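Read the structure below first, then the notes.
Not measured: the values here are computed from a predicted model.
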Protein chains: 2
Amino acid sequence: MLAAERKLKIIDYVRKHSVASVAQLSQDFGVHEATIRRDLSEIEKEGRLRRTHGGVVLVERVSSEPSFTVRVNERVEEKTSIAERAIEMINEGDSIILDSGTTTFQIARLLSAKSNITVVTNDIKIAAELQNNKDIKVIVTGGVLSPESYMLNGLFTDHALKKLHVTKAFIVIPAIHPKLGLTHFDDQFVSAKRSMIESAEQTIVVTDHTKLGGVSLHNVAPVAQIDVLITGKEASETQVKQFQEAGVTVYTV
Amino acid sequence: MLAAERKLKIIDYVRKHSVASVAQLSQDFGVHEATIRRDLSEIEKEGRLRRTHGGVVLVERVSSEPSFTVRVNERVEEKTSIAERAIEMINEGDSIILDSGTTTFQIARLLSAKSNITVVTNDIKIAAELQNNKDIKVIVTGGVLSPESYMLNGLFTDHALKKLHVTKAFIVIPAIHPKLGLTHFDDQFVSAKRSMIESAEQTIVVTDHTKLGGVSLHNVAPVAQIDVLITGKEASETQVKQFQEAGVTVYTV
DNA sequence: TCAATTTTCTTTCAGCAGCAAGCAATGGTT
DNA sequence: AACCATTGCTTGCTGCTGAAAGAAAATTGA
């Protein structure tokens, strides 16, 4: 059996059983434990499984991104500043998309100051936050609820987003690069974000400075589709310049 | 068993049973109590459970956060009893619809005891309640959020419901009459409820006894489409009999 | 309320299983 | 023949576990 083949079978096995031990895999495949360990190290480097003492377990989505409760408490100040700047861009009568995320959740919080706004969101926590505001109409996209966040995703989400047209979309992305554009570590979230960008006249990316220059596996959109980038003042001048040269209006707050 | 595997199983166990003792976990997994304590400390550090003297409990639900404040409900006891009876009807592997409402919210609360369930709902509060349960897949219908409740409604709701097929639908209705069937005072909610009934193999109406015999303006569905009615024991025998004669299985709890 | 008692918790230590790293052997490719 | 990738083996090291002991918390009975 080829090494690559064995690695694929290991991944398959763990997908099915959630866990596997080095000893057992070694026996099943009839190779030395050291070989299995080497395989596991490589698989882990590819981010497909997580190694533990004695074996390997499934990657939880949490490990690629911490849970909402954790994230909401990270870099709160930067997120709030970004949200405040974002709010300034929203005018009376606008219909906007708020992508699921903690920064956009801050935008939702501040939105109560505005009136006559329609908000489209794929985040039930954002929806709940806006729920008791009579001056804001909230449209929830629908879809499958992520167990580790409040995001909706899937066919219904895409369908809803494709049927709508808004003036501004506020997008969250875990990696944005001046040349390689917006990328995401999980392909299942790509479709929704693309639809959001397509449904909006103007696309605004809100993200803290740690995401700048990052690249992930799955391509979401080129930089050319981004109109505005709002990020923290911690962003380096070099980074900001690179985005500006790519035609993006950058606000650092 | 791997240490990591054991930790995952502990979390699973507590998710289902809400609590667990060190002694019992130690016995179940056949490891020393000190080992369990070490596991619990680590799990707590990850923020997934909360330690107590002698064991471990679930972390407080996110739904207790301000944006999901629980409204004070009337007839909570009756609703809880109805929910308990409803839960008994749900089997492993079922996919169910939970209509928006406080009685169905109680069903959602009790659902955590079940596993391998798919829940379709048009209520973001119900969705939030089920969100951190890994054994339950939650599909939100999408739609416009009602300012006075957590209900989603409108074209997206109808579209999603029409695309789905479930084994059981738990429907809430403000008026149900043995001859005139299900009626609603607001026509905008009629379409969703009809779709729910059509999408389900079995339709179960859950409602407190004050709604029995009531009639409103807009017709939703005839009694013939109802399979089961779960209501409070306060319902009069005459009323119950009338529904039974119309072919409905009635449970008074 | 307080002190005695019991239970549970934390810390420490030793033993063992699992681990990374280096090296040699194998087999295939240039 | 030289080279490279892959595997198996060995070695010293790391991390997990159970046992024990002292600390802390809960319970009991006055």
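- Backbone-only engagement by A/T52 is indicated by non-hydrogen atom pairs under 4.0 Å involving sugar-phosphate atoms exclusively.
- When all heavy atoms of A/F156 and B/V140 are compared, the closest pair comes out as CD1-O, 4.4 Å.
- With B/I139 as reference, A/V144 is the one residue of A/L152, A/V144, A/L155 to meet the side chain to side chain contact (heavy atoms under 4.5 Å, CB included) rule.
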Query raised in the report: How would nucleotides 25-30 of chain C be written as a contact map, 5' to 3', with B for base contact, S for sugar-phosphate-only contact and - for no contact, using protein heavy atoms under 4.0 Å?
Result: ------

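- When the C1' atom of C/dT10 is taken as reference, atom NZ of B/K45 falls 13 Å away, rounded to whole Å.
- Ionic pairing of A/E129 and A/K125 is not present here: no N-O contact between side-chain nitrogen and carboxylate oxygen is shorter than 4.0 angstrom.
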Query - Contact state string [nucleotides 12-29 of chain D, B base, S sugar-phosphate only, - no protein heavy atom under 4.0 Å] - result: ---SSBBB-----SS---

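- Salt bridge annotation for B/R37-B/E33: present, with a cationic side-chain nitrogen under 4.0 angstrom from a carboxylate oxygen.
- The CZ atom of A/R37 sits 16 Å away from the P atom of C/dG22 (whole-angstrom rounding).
- In this structure, the side chains of A/I10 and A/F29 come closer than 4.5 Å at one or more pairs of heavy atoms.
- Rounded to an integer number of Å, the gap from B/R50 CZ to C/dC9 P is 14 Å.
- Put simply, B/R51 has a side-chain N or O that comes within less than 4.0 Å of OP1 or OP2 on C/dT10.
- Atom CD1 of B/I90 is separated from atom NZ of B/K168 by 7.5 Å, given to the nearest 0.5 angstrom.
- For the pair B/R6 and B/D39, the salt-bridge criterion is met [side-chain N within less than 4.0 Å of a carboxylate O].
- When atom types are taken as modelled, the side chain of B/T167 and the backbone of B/S95 share a donor-acceptor pair closer than 3.5 angstrom.
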